[in-house]
Amino acid sequence: MADDQQNWPTWDSDTGRPPSGGEERESVSGSLDDALAGELDTSSGALSGRIDDTGGRGHLPPGHDAGQPTRFHRPMPSAYPEQGPAAPYGPDRAGAASGGRGAGWPSESAGRGTEWSDEATQIYHAVSSQAPDGATETWGDLPNDRGYDGATEALPRSRMPEMAAGATEAFPRFDPDRAPDGEAPDDLGLFDEPTVQREPVAHGIYRADDEPEEPRRKLRSGLGRAMLVTGATLGVLMVAYVVDMVVSWGDVPRGVTVAGVDVGGLSRTAAEEKLRQELQPRFDKPVTVKAGDVETTLDPAESGLGVDWQATLEQAGKQPWNPITRLTSFWETREVGIVGKSDRPTLRKAVERLAKTKINHRKREGNITFKEIEGTDGAVQPVAVPPRQGQQLRSVDQAVETIEDTWLQLGGVRLDVDVQPVKATPDGVRATLEKLAKPAVAAPIEVQGDGVSTSLTPKQIGEAFEFEPQEDGSLKALVDREVLKKALEPALKPTEQEGQDAEIVFTGGKPTVKPAKNGRKVDWKKTFRPYLDVITKTEGRVLKVSYATKKPDLTTSEAKKLGIKEVIGEFTTGGFAPDSGINIRTVAAEVDGAIIKPGETFSLNEYTGPRTADKGYVEAGIIQNGVPGRAVGGGISQFATTLYNAAYFAGLKDAGHKEHSYYISRYPIAREATVFQAPGGGGIDLKITNDSDTGVAIQTHWTPQSITVKLWGTKRYRVESVTGPKTNVKQPGTQRVNGSSCEPSPGIPGFTATDTRILYDINTGREVRRETRTVTYNPKPTIVCGKRDDDDD
């Protein structure tokens with residue numbers, strides 16, 4: 001070992017002998033080469049180094065074989081300058097001193113300048129055959145009277161002379177109690193502490209080690225004590241492990257937490273109770289549900305949701321057997337998830353209810369509305385309506401599964417929805433609000449007509465707005481002119497002049513043309529053309545009215561060209577009741593003078609409009625559900641029958657009519673018509689089409705007993721009517737009716753009949769065509785009013 005530090009005993013300069021084993025040693029660091037070269041610092045009185053030269057020899061006590069030395073040390077003169085070397089023991093010390101340099105020991109007279117052996121500082125003999133058989137500790141036959149009490153280290157058990165060649169550590173042990181005078185021999189140039197054996201470097205010689213034997217002994221002693229302490233510690237730990245397993249068996253493993261609540265080491269019952277007290281209130285609170293743009297809540301109890309605390313603790317597992325795991329559980333924690341449970345049918349109903357009332361909604365495009373400001377005269381405030389996409393829960397079943405899996409999480413539940421996108425964007429709505437809507441209703445708009453000035457209030461301006469979303473996210477403003485027109489018409493009506501169509505009037509029993517008159521009307525389209533520019537102004541908000549000439553629908557020249565010159569069809573009926581007569585007179589006055597242009601179809605219901613009391617119509621008899629009744633406008637069917645027959649004989653085309661449900665004797669069989677107006681529109685109508693090349697004018701004449709209708713035009717046909725016999729006659733029954741409105745009436749038989757219209761050309765007399773119509777009348781029951789005598793009150 002080149003540079004390892006080695007402890008060496010120091011020499012006693014007064015006695016000339018090495019120190020005893022218990023005395024303090026000093027050390028010096030350096031290499032052996034430095035020592036041999038005389039460059040080693042020896043001021044400390046000690047030396048360390050290694051020996052590489054194999055040429056050294058030694059000297060052994062007499063009677064011992066020096067051929068197999070197992071230990072050697074050498075005293076270095078430079079290390080001990082104040083003392084002389086000890087003479088080697090043996091029979092010839094002087095000779096060894098004078099000529100035995102090769103033996104390794106200097107003579108007493110050598111003094112300080114004596115040359116020492118290059119190699120050995122101490123040499124011990126090899127054990128010879130004189131060693132006791134099987135000895136474990138021996139140095140051979142050493143003189144006991146000099147304090148050598150056998151070997152200090154064990155040797156191999158062998159009887160061969162070469163048994164000591166492989167000796168490990170062997171030193172003579174000095175016993176001062178057995179030495180003469182109690183003192184160690186002063187000629188023993190030996191240390192009483194061995195070094196460490198190295199492999200032999202030459203025959204019979206071993207290299208000295210730098211490490212003394214004592215540290216190795218201490219090491220072995222310390223190792224033993226360490227092993228004893230370790231064993232004891234392991235025993236204690238094993239006992240502690242067993243005790244820990246017994247004490248905590250069946251409890252929740254140490255270090256287990258549930259949602260931050262420590263339940264480690266508790267019994268299952270105590271752990272469940274602790275979790276219920278600390279965590280259950282949290283999970284009783286409503287669960288946040290997010291679905292698209294909707295955020296709502298779901299009540300766990302009402303939705304069939306709950307926490308399975310037993311299953312939650314089952315996740316913690318059983319007590320671990322691994323001692324490392326048990327040890328680390330004193331400072332480490334392990335989080336266990338919470339296990340939920342649900343009543344699926346109840347949860348599904350809750351999800352369906354939530355989807356219907358909260359989640360699902362139609363899309364709403366961006367818009368702008370106008371809110372009236374209270375306490376003002378028509379002032380309004382524009383309000384932006386943000387766009388909102390439509391959405392619908394994607395799947396109820398999927399939502400149920402998602403809620404079951406995630407409702408215990410702190411963030412709540414997120415459900416998937418199908419979205420219906422919108423066009424407008426919040427920015428687009430805001431831009432239209434600021435740039436257009438707010439300026440538009442900031443003040444009224446003055447409207448100037450001929451001799452009249454009126455205005456549009458902010459409220460009226462706002463009501464006329466419509467906003468249409470665009471693909472770029474903006475809102476396009478549209479103006480409903482009809483709303484503005486309705487607001488301005490009352491004030492501008494006096495500035496208009498009504499026109500008049502040309503009319504056919506009957507003077508002296510002949511038709512004449514009453515000239516048409518042009519009208520002057522407001523040109524609304526032209527008037528509103530600059531409207532969008534005016535509403536964005538802050539000053540000069542004036543709108544000027546434009547007028548246009550209104551030509552009549554039938555001009556004078558057009559009326560003269562209609563060919564209305566003669567009666568082409570005429571029919572008269574009578575026998576109506578007085579109340580019905582009032583209604584017949586009213587409708588006849590409305591229709592008198594009506595013109596049917598070539599190709600046009602005349603509709604009685606459309607021409608007269610609703611026949612109501614404010615127009616002069618009164619309540620009269622009608623047929624309702626097959627029995628007589630009363631209603632405003634009753635009796636008009638007689639006028640319809642009269643008009644139908646006039647058109648029948650004029651050869652005009654039947655565009656649609658319907659006979660009464662039962663036969664009325666004052667009308668021709670299978671050649672009559674009824675009309676009815678439903679309150680909401682529709683009903684039964686009479687329509688006649690002018691299929692001629694000339695116009696047709698309607699002339700009416702009413703008397704309290706009859707109504708006559710004449711159709712004027714250019715005659716084309718001569719018309720004949722052929723009525724067939726009654727067939728399938730059915731006798732009426734009796735029907736009793738209660739109520740004050742009941743009117744008794746006789747019964748009428750039901751039957752089937754046909755009518756054939758034959759048209760002949762007026763100029764040639766040749767038959768042009770025949771038209772046959774079959775009509776079935778239901779029997780009309782005999783109406784008896786009041787209860788029968790045997791009826792209970």
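Source: prediction; values computed, not measured.
One finds the OH atom of Y648 at 13.5 Å from the CD1 atom of I688 (value rounded to the nearest 0.5 Å). For the atom pair CG (L456) and CD (E463), the distance works out to 10.5 Å, reported to the nearest 0.5 Å. A distance of 11.5 Å separates CD1 of I535 from NZ of K537, quoted to the nearest 0.5 Å. With rounding to the nearest 0.5 Å, the separation of CD1 in I504 from CG in D501 is 11.5 Å. Rounding to the nearest 0.5 Å gives a distance of 10.0 Å between CD of Q460 and CD1 of I445. We find the OG1-NZ distance between T536 and K438 to be 16.0 Å, quoted to the nearest 0.5 Å.
At least one side-chain heavy atom of P530 sits less than 4.5 Å from a side-chain heavy atom of L543. Two residues are said to be in side-chain contact when any heavy atoms from C-beta on lie closer than 4.5 Å; W524 and L488 meet this criterion. At least one side-chain heavy atom of K726 sits less than 4.5 Å from a side-chain heavy atom of I669. At least one side-chain heavy atom of N690 sits under 4.5 Å from a side-chain heavy atom of L652. Counting only heavy atoms from C-beta outward, the side chains of V675 and Q677 never approach each other to under 4.5 Å. At least one side-chain heavy atom of D755 sits under 4.5 Å from a side-chain heavy atom of S721. In this structure, E496 and V522 have side chains that are in contact, with non-hydrogen atoms separated by less than 4.5 Å. In this structure, W702 and I707 have side chains that are in contact, with non-hydrogen atoms separated by less than 4.5 Å.
Judged by distance alone, with hydrogens and angles left aside, the side-chain atoms of S455 form no donor-acceptor pair with the main-chain N or O of P444 at under 3.5 Å. In this structure, K615 contributes its side chain and T608 its backbone to a donor-acceptor pair below 3.5 Å. No donor-acceptor distance shorter than 3.5 angstrom exists from the side chain of Q699 to the backbone of F506, with no hydrogens or angles considered. Proximity of a side-chain donor or acceptor of T727 to a complementary backbone N or O of T752 within less than 3.5 Å is detected. Using a distance-only test at 3.5 Å, with no hydrogens or angles considered, a donor-acceptor pair links the side chain of T357 to the main chain of R353. Judged by distance alone, with hydrogens and angles left aside, the side-chain atoms of D761 form no donor-acceptor pair with the main-chain N or O of V768 at under 3.5 Å. In this structure, R362 contributes its side chain and Q420 its backbone to no donor-acceptor pair below 3.5 Å. Distance alone, capped at 3.5 Å, places no donor-acceptor pair between the N583 side chain and the Y617 backbone. Of the possible polar contacts, one joining the S692 side chain to the T694 backbone as a donor-acceptor pair under 3.5 Å is found. Side-chain atoms of E365 come within 3.5 Å of backbone atoms of K423 as a donor-acceptor pair (strictly under, hydrogens ignored).
Around NZ of K687, the count of heavy atoms belonging to other residues, nucleotides or ligands within 6.0 Å does not exceed 12. No more than 12 heavy atoms of other residues, nucleotides or ligands sit less than 6.0 Å from atom CG of D693. Other residues, nucleotides and ligands place no more than 12 heavy atoms under 6.0 Å from the NZ atom of K565. Within a 6.0 Å sphere centred on NZ of K358, other residues, nucleotides and ligands contribute 12 heavy atoms or fewer.
The two residues P668 and T641 make their nearest non-hydrogen contact at CD-CG2, 4.5 Å. Considering every non-hydrogen atom in both A670 and Y777, the closest pair reads N-OH, 3.1 Å. Shown here for A650 and Y717, the closest heavy-atom pair between the two residues is O-CD1, 4.4 Å. Between T572 and S706, the shortest heavy-atom contact is CG2-CB, 3.9 Å.
Note: Y531 and F528 have perpendicular aromatic rings, judged against thresholds of 30 and 60 degrees for the angle between ring planes. Ring planes of Y663 and F751: perpendicular class, angle over 60° (limits at 30 and 60°).
A salt bridge does not link E498 to R520: none of the charged side-chain nitrogens sits closer than 4.0 Å to a carboxylate oxygen. Using a cut-off of 4.0 Å between Lys/Arg side-chain N and Asp/Glu carboxylate O, R757 and E771 are scored as salt-bridged. Ion pairing between K715 and E566 fails under the 4.0 Å rule for side-chain N and carboxylate O. Remark: R716 engages D691 in a salt bridge, criterion side-chain N to carboxylate O under 4.0 Å.
S637 and Y667 share no donor-acceptor pair across their side chains, judged by distance under 3.5 Å alone. For the residue pair Q638/T573, the side-chain donor-acceptor check at 3.5 Å is satisfied. A side-chain N or O of S453 and one of E446 form a donor-acceptor pair less than 3.5 Å apart. With 3.5 Å as the limit, one finds no donor-acceptor pair spanning the side chains of T495 and D450.
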- Task: Take T549 and N518 through the side-chain hydrogen bond (donor to acceptor under 3.5 Å, both in side chains) test and state the conclusion after the steps.
- Result: CA-CA 7 Å; T549 299; N518 289 336; over 6 Å; no
- CA sep, side-chain torsions, deciding dist, call: R773, E659, salt bridge (charged side-chain N to carboxylate O under 4.0 Å, His left out): CA-CA 11 Å; R773 181 178 180 85; E659 294 81 4; 2.5 Å; yes
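When each of I568, V719, V567 is checked for a side chain to side chain contact (heavy atoms under 4.5 Å, CB included) with F649, only V719 meets the rule. Screening L562, T556, T555 against E558 for a side chain to side chain contact (heavy atoms under 4.5 Å, CB included) leaves a single residue, T555.
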